[in-house]
Amino acid sequence: MISAGASGLELSSLSRPVTAAIVSAMISSKVRPTDIRAMKARGEKIAALTAYDYPMTRLLDECGVPLLLVGDSLGMVVLGYPDTTHVTMAEMEHHVQAAARARPRALLAADLPFHSYENVADAVGNARRLIRAGAEAVKAEGGTAILNQVHAIVGDGIPFIGHLGMLPQHVLEEGRYRIKGRQDAERAALLADTRALVGAGAFALVLELVTPPVAKEITESVAIPTIGIGSGPDCDGQILVTHDLLGTYPWFTPKFVKKQLNSAAQMREAIAEWMGKL
């Protein structure tokens, strides 16, 4: 079930095929952070996907996805980096600008990249840069460790999304991606970080690779929506890297992803067919 965003309608409830025109009519106003929060209050599942450029942002918006993220995952699936730690502020600005040119009805959020929020001054300054580039909210990884930065960003009037669980910007320290919350100490830390981010004014929270029982516990304990990725079915919404969902990055797919398309194979077939007709 994919929500039609601020309209309160559900695409799955429609008796006729969903077209871009129908979705456009259903979502008549800009999606704001308050609308994302209201979706949880109404019990609607929140669909979120990544977008890194104009055409994909426009297509996803025409589908009625209410929350789009210019994620630093672009480092791997667009720029060819081995992980997100190589992504720069300049690169994030470039892709935010491209996505923002689509002028989506969806809420357009953007990641603060690695080392861009080490202190309060950097956090606020770089969050402002992303907003100037066209983002309408920012996301950063961590809980109590970045609490001063979160307070400052929210205090500056910038909507903030938290990110707990597996933190990709710390993958080099971790050595690998792994599920969080299985140990009592990790569970307690996740709950404490959640309370801290809610208290600091985050309007939503991404939970990445959090063991499902803990993700459910967190979701039921807070008023703000949780957006899961590899954290089970009980979060208020789900986010995926669009390339993973559509199969346009065939060289690696996370285990928790169920591809809806195998676009790479279709592209190869189409290109081979075209080349054969030259």
Side-chain angles (χ1 to χ4, degrees), residues 1-5 10-12 14 16-24 45-87 91-92 94-96 98-102 104 106 108-111 165-166 168 171 176-179 206-209 212 227-233 235 237-278:
M1 179 177 71
I2 299 178
S3 166
E10 296 173 356
L11 302 190
S12 60
L14 297 177
R16 54 189 173 136
V18 177
T19 66
I22 294 172
V23 170
S24 179
K45 285 292 187 180
I46 301 163
L49 288 169
T50 60
Y52 312 118
D53 56 28
Y54 172 88
M56 185 57 73
T57 302
R58 186 166 177 176
L59 281 167
L60 295 177
D61 197 50
E62 288 174 354
C63 291
V65 180
L67 176 59
L68 300 177
L69 174 69
V70 184
D72 58 3
S73 50
L74 67 86
M76 290 92 78
V77 299
V78 176
L79 302 179
Y81 294 144
D83 54 62
T84 63
T85 65
H86 299 266
V87 178
E91 288 165 340
M92 288 302 303
H94 172 85
H95 286 276
V96 170
R101 292 186 189 108
L108 185 66
D111 273 334
M166 180 63 209
V171 69
R176 62 186 176 90
Y177 291 89
R178 66 182 185 88
I179 295 173
V206 170
L207 297 178
E208 180 163 359
L209 293 182
I227 314 294
I229 177 166
S231 297
C235 295
Q238 299 289 331
I239 186 168
L240 286 176
V241 171
T242 301
H243 289 61
D244 293 338
L245 181 69
L246 301 182
T248 56
Y249 191 83
W251 307 279
F252 174 77
T253 302
K255 293 180 180 179
F256 57 80
V257 173
K258 294 181 180 179
K259 288 190 291 188
Q260 298 298 301
L261 288 176
N262 189 354
S263 297
Q266 294 174 301
M267 292 166 66
R268 287 168 175 153
E269 182 179 343
I271 292 165
E273 183 179 348
W274 172 77
M275 291 174 66
K277 294 177 179 178
L278 293 179

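Start at 1 with the first residue, then count along the sequence.
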Begin from the C-alpha positions of H86 and L79 and carry the test side-chain contact (heavy atoms from CB on, under 4.5 Å) through to its verdict. CA-CA 10 Å; H86 299 266; L79 302 179; over 6 Å; no
Can you pull the side-chain hydrogen bond (donor to acceptor under 3.5 Å, both in side chains) pairs that have at least one residue in residues 262-271, sequence neighbours excluded?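 Sorted pair list comes back empty.
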Not counting sequence neighbours, list each pair that qualifies as a side-chain hydrogen bond (donor to acceptor under 3.5 Å, both in side chains) and has a residue in residues 244-258. none
If I compare all heavy atoms of [X] with all of [Y], which pair ends up nearest, and what's the gap?
X    : Y    : result
A48  : V65  : CA-CG1, 4.0 Å
G75  : V87  : CA-CG2, 3.5 Å
R176 : M166 : O-CE, 3.6 Å
C235 : I227 : CB-C, 4.5 Å
P104 : A99  : CD-O, 4.1 Å

Is [Y] close to [X] at the side-chain level, that is, under 4.5 Å between some pair of heavy atoms?
X    : Y    : value
E91  : D72  : no
V241 : M76  : no
V77  : F252 : no

Among L246, L49, D61, which one satisfies side-chain contact (heavy atoms from CB on, under 4.5 Å) with M56?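 Only one option passes, and that is L246.
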N/O donor-acceptor pair under 3.5 Å between [X] side chain and [Y] backbone:
X    : Y    : answer
S231 : P212 : no
Q238 : G232 : yes
D53  : A98  : no

Residues in salt bridge (charged side-chain N to carboxylate O under 4.0 Å, His left out) with R101, at least two apart?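 Expected list: none.
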Pairing residues for D111 by the salt bridge (charged side-chain N to carboxylate O under 4.0 Å, His left out) criterion, not counting sequence neighbours: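 Applying salt bridge (charged side-chain N to carboxylate O under 4.0 Å, His left out) to D111 gives K139.
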Would you give the length of the straight line joining atom [atom1] of [X] to atom [atom2] of [Y], rounded to the nearest 0.5 angstrom?
X    : Y    : atom1 : atom2 : result
K259 : L240 : NZ    : CG    : 12.5 Å
L207 : I229 : CG    : CD1   : 11.0 Å
I239 : I46  : CD1   : CD1   : 11.0 Å

For T85, all residues meeting side-chain hydrogen bond (donor to acceptor under 3.5 Å, both in side chains), sequence neighbours excluded: D83
Output every pair passing ring-ring contact (aromatic ring centres under 6.0 Å, His included) with a member in residues 48-80, not counting sequence neighbours, ordered by first then second residue.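 Of all non-adjacent pairs touching residues 48-80, those that pass ring-ring contact (aromatic ring centres under 6.0 Å, His included) are Y52-H243.
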